2 protein chains.
Amino acid sequence: MARVTLQTIADRLGVSRATVSYAFSRPDQLSDDLRRRILQVADELGYAGPNAAARSLRLGRAGAVGLLFSETLAYAFADPYALGFFQGLATAAEEAGVGLLILPLPRGEKRPPPVRDAVVDAFCVVSLPDGHPALAEVLARRLPTVVVDEPYVPGHPFLGIDEPAAGAQAARHLVELGHRRVGVAMVGLHDDGRTGWADPGRQRGAVFEAMRGRRSGYEAACVSAGVDWASVPFYELSRNSRAAGREAGHALLGRTPRPTAILTNTDVLALGILDAAADLGLDVPLDLSVVGFSDSAAEEAGLTTIRQAKQEIGAAAGRLLLEPPDEPERLLFPHELIVRASTAPPRP
Amino acid sequence: MARVTLQTIADRLGVSRATVSYAFSRPDQLSDDLRRRILQVADELGYAGPNAAARSLRLGRAGAVGLLFSETLAYAFADPYALGFFQGLATAAEEAGVGLLILPLPRGEKRPPPVRDAVVDAFCVVSLPDGHPALAEVLARRLPTVVVDEPYVPGHPFLGIDEPAAGAQAARHLVELGHRRVGVAMVGLHDDGRTGWADPGRQRGAVFEAMRGRRSGYEAACVSAGVDWASVPFYELSRNSRAAGREAGHALLGRTPRPTAILTNTDVLALGILDAAADLGLDVPLDLSVVGFSDSAAEEAGLTTIRQAKQEIGAAAGRLLLEPPDEPERLLFPHELIVRASTAPPRP
DNA sequence: ATTAAGGTCTTAATGGATTAAGAAGGAGGG
DNA sequence: CCCTCCTTCTTAATCCATTAAGACCTTAAT
């Protein structure tokens, strides 16, 4: 049985294809009687409705926006920061009645990302490392594109926070409390899967722009407080999980002299650091101060952190996608230091 | 400046459109030299690559699957059960290299859901109430469709758990501990936004099939233990949140005689019940036993719950979407009672 | 009776690409 | 020199629908 199209129905009834099309999309162009007959025949033949791809082609719009995210989706759906962003974006899409097409980024990179075939009206790119091929594919599509967090692409709207400033604020909080032996645990600097100590060279060579900026903020604040950055133990993680944070915590807290404060670039990691501190019988904040980032999982644990407006960024991204601005802007959203119980001056 | 298409490039170079198409999609059909020239001209003209909608139309595939979920996306991205399912589904999609098109369900129902225009190869419908118009739209598309949790649609694969059995197991756990004064707090029975006491008539008239089944399991187990169901206080919620659970908890625990055990159909709700118990200075489990559902947010709180294989269901749904079976199956996944510290025999 | 105005349907152009089959030309073998 | 086989491209059919403009027929008003 051949596929049923508008033409099939038209032939059946001896009317033109256009008439059948009107029956589906512009009821006012037809007599009620004929329209009813058309719909009935369509039903009898098992017509699946006007083909979506053909419609999209003809109308020039897709009714969907594409979303590219650096991590696997399984990870993204477990990450509080990503979820906050998704919520904002999804709500904007929902209000506009457009779909959200989540595109997979093949990790094994055997095949190219399915960006070329994505039937969308715009793209939202979130947190891609420098030089990621998927970004080039997206830009080649020449659709409205907004980038969130990283990397900044001149000529396209950008949404994020002032990473160096936010990083500096987190670090300044610690040095102003009097800490001088600071350790750092960061995830998402590189995408080569390495875990362990990172020297300043590797730190600065991070391929994730936002994290690079955040780290440089840490460094700037520490240096201006007289801390020798080269001596700051810096542990790099490849996975953002509580377990990874714990691993970093043990590494950092095992050093002599032991750091009195640890900066982390996610709340989840910070929770892991707290676990490690607990393992070692250290009191937080008396023996150790810990700062998280994002305020995505920090509240219950009483974690000092930098709050970023995840949902607002998502919502704003959605709006920019749906109504691309004439002048691409670089929008930096506010961030805020939230001081809770995980930080205090070091023991004298 | 008119839009650049394959034809534009072909004209520029004096070759045929087909040749240009081959340059993009079948490099082996062309001499390297010509291919290079084509790609260069394409670049110069700012060609955006083969149009995705046209490609999808011609090839007859979309490279994406559609997802319909009953709740707003902002809610879905905050619900642990939904997230677990999404993770499984997204991972399957990722492995197959297909996109996941999340479709909004307009709550205001002014406009129809954008199901007709979704350029997808298959649909996954999750947790829709009986008679929801979006389901009819989906079925009209005559694409491979799988339904998760509810409603069961004969002729299409179905994934979920044996709800009556799972509900009965939760309730049986309580009555076997000796509880006879049981209360129930459930969310997601109806979609009319009502909150408050629900009599058995309203309970049985629930429009969400899975919850209807789960509740009937509660009833069956209670009744066979000699509990008069009509006297079981039943509090219905319209939102699945900790705050809603707390509200239900206060309502249920304010009754005389006070229930010694409360059944809830989500972990989040159960956490709210625990909050209410704490408000009233009640000891859990000595004064009150609480059972959650899903094992999605239960572990840290030590909540007794029914575990369902969320991620596996999602992964299985993904597989069925990508390779539709000949015989549609009704797959019931295992569930398991996880007994933790929130349940105990009632005080003598 | 004439004509304007509607209502209802058809014609035909259009959106952009894919691919089987065929044509043209060159190279190599006998 | 002829035939065959490649390689490289072209031809033309096909995927399915939308919509402006035009044709035809009624109806109502003048």
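Proteins come first, then strands; the chains are lettered A, B, ... in the order of their sequence lines, and each starts at number 1. The structure displayed is predicted, hence computed values, not measured ones.
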Does a side-chain N or O from [X] land closer than 4.0 Å to OP1 or OP2 of [N], or not?
X      : N       : value
R55(B) : dT18(C) : yes
Y47(B) : dA17(C) : yes
S16(A) : dT10(C) : yes
S21(B) : dT18(C) : yes

Review point. Using the benzene-type ring in the case of Trp, are the ring centres of Y75(B) and F69(B) under 6.0 Å apart?
Key: no
Check your understanding: Which pair of heavy atoms, one from A62(B) and one from D121(B), lies closest together, and at what distance?
Key -> N-OD1, 2.7 Å
Check your understanding: Side chain of L34(A): nearest nucleotide among dC9(D), dA17(C), dC9(C)?
Key -> dC9(C)
Exercise for review: When you get a sec, tell me which of dC9(C), dT18(C), dT18(D) is the closest nucleotide to the side chain of P50(B)?
Suggested key: dT18(C)
Exercise for review: Quick one: label V15(A) by what it contacts on the DNA or RNA (base, sugar-phosphate, nothing), any heavy atom closer than 4.0 Å.
Suggested key: sugar-phosphate
Review point. Heavy atoms under 4.0 Å, any strand shown: does T5(B) hit a base, just sugar-phosphate, or nothing?
Key: sugar-phosphate
Starting from [atom2] on [N], measure out to [atom1] on [X] and report it in whole angstrom.
X      : N       : atom1 : atom2 : result
I9(A)  : dA17(D) : CD1   : C1'   : 12 Å
L57(A) : dA17(C) : CG    : P     : 9 Å
R36(B) : dC9(D)  : CZ    : P     : 12 Å
R26(B) : dA20(C) : CZ    : P     : 6 Å
R17(B) : dA13(D) : CZ    : C1'   : 11 Å
R61(A) : dG15(C) : CZ    : C1'   : 14 Å
R3(A)  : dA17(D) : CZ    : C1'   : 13 Å
R58(A) : dA17(D) : CZ    : P     : 13 Å

Exercise for review: Could you pick out which residue, Y22(B) or N51(B), lies toward the 5' side of DNA chain C when each is mapped onto its nearest nucleotide?
Suggested key: N51(B)
Check your understanding: Do the side chains of L101(B) and V65(B) get nearer than 4.5 Å, heavy atoms only?
Key -> no
Exercise for review: Would you kindly compare Q29(A) and R35(B) by the position of their nearest DNA chain D nucleotide and give the one closer to the 5′ end?
Suggested key: R35(B)
Review point. Where each residue is assigned the nucleotide of DNA chain D containing its nearest heavy atom, which of D32(B) and L59(B) is assigned the position nearer the 5′ end?
Key: D32(B)
Check your understanding: So, are D130(B) and R212(B) salt-bridged, with charged N and O less than 4.0 Å apart?
Key -> yes
Practice item. For the pair F86(B) and F77(B), name the ring-plane relationship: parallel under 30°, tilted 30 to 60°, perpendicular over 60°. Key: perpendicular
